[in-house]
**Q** 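This is the structure, below, for whatever I ask next.
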Amino acid sequence: MSEEALGHVCPPSVIKWLNSPLRKLIQSPRKIMGKYVKPGDTAVDLGCGGGFFAVELARMVGDSGRVIAVDLQQEMREFTRRLAVKKGVMERITLHQCQEKDIGLSDEKVDFALAFYMVHEVPDRDRFLKQVVELLNPEARFMLIEPSHHVKPEEFKLILEEAAIAGLKQVEPIKRAMSRGMLFSLKL
Ligand SMILES: C[S@@+](CC[C@H](N)C(=O)[O-])C[C@H]1O[C@@H](n2cnc3c(N)ncnc32)[C@H](O)[C@@H]1O
């Protein structure tokens, strides 16, 4: 599918909001993910947008770690690249172009996976969640966070049920402003 046809995904014009410095006050990446990511980890940011989380993940994994920043849209990946260069962490980041229905990282395993405000844009969630499971190391954590204004409680409940069917175990809810979230693992 061409990028022009991706009418249901968040357009690059919203980057100014997604990457706004004010966002750090209510959605601080370190406060949200800091206790689940350690130096040396490999992390994946699924639907990385403009790199708001990918760049902070790169700081958390340190020199010996790696972040795979995945997005459908070339313009989003380019924003991520520019932000990572500006913040001096680009050498820890691999940009990856996925397809709408295919993450396409079948040779990779990660210690931490993030899907922040993107799952509601994914057309085949069952397939996506199965592919996330395949990406995870046995001890890995997967954080799924959705915007509460787009994803109502019934829809989020459905996503949790789909995650359970894919093989994801609920570890703990992630409570943040304007969001519904859950931390998953492969085993409890
Ligand atoms: C609302 S933005 C959130 C960006 C980022 N996670 C953040 O919180 O700043 C959603 C992002 O997910 C990407 N996206 C949507 N569907 C996707 C899919 N099937 N696979 C990968 N990325 C996708 C969009 O291109 C967009 O960059």
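All ligand and atom numbering here is 1-based and tracks the order in the structure.
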**Q** How would you list, by chain and number, every residue that makes a side chain to side chain donor-acceptor pair (under 3.5 Å) with K24, sequence neighbours excluded?
**A**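 Per chain and number, K24 pairs via side chain to side chain donor-acceptor pair (under 3.5 Å) with E56.
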**Q** For residues 9-47, which residue pairs qualify under ring-ring contact (aromatic ring centres under 6.0 Å, His included), counting only residues two or more places apart or in two chains?
**A** none
**Q** Should we say atom NZ of K109 is surrounded by more than 12 heavy atoms from elsewhere, each under 6.0 Å from it?
**A** yes
**Q** Is it true that D71 and Q97 share a donor-acceptor pair across their side chains at a distance under 3.5 Å?
**A**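 Checked: Q97/D71 side chains show no N/O donor-acceptor pair below 3.5 Å.
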**Q** Does ligand 1 have any N/O pairs with the protein under 3.5 Å, and how far apart?
**A**
from     : atom 1 : to   : atom 2 : distance (Å)
ligand 1 : 6 (N)  : G47  : O      : 2.7
ligand 1 : 6 (N)  : F116 : O      : 2.8
ligand 1 : 8 (O)  : R23  : NH2    : 2.9
ligand 1 : 9 (O)  : R23  : NH1    : 2.8
ligand 1 : 19 (N) : E100 : O      : 3.1
ligand 1 : 25 (O) : D71  : OD1    : 2.6
ligand 1 : 25 (O) : Q73  : NE2    : 2.7
ligand 1 : 27 (O) : D71  : OD1    : 3.4
ligand 1 : 27 (O) : D71  : OD2    : 2.7

**Q** Should the ring pair Y117 and H149 be called parallel, tilted or perpendicular, given that the plane angle runs from 0 to 90° and is split at 30 and 60?
**A** perpendicular
**Q** With sequence neighbours excluded, what pairs up with E162 under the salt bridge (charged side-chain N to carboxylate O under 4.0 Å, His left out) test?
**A** R125
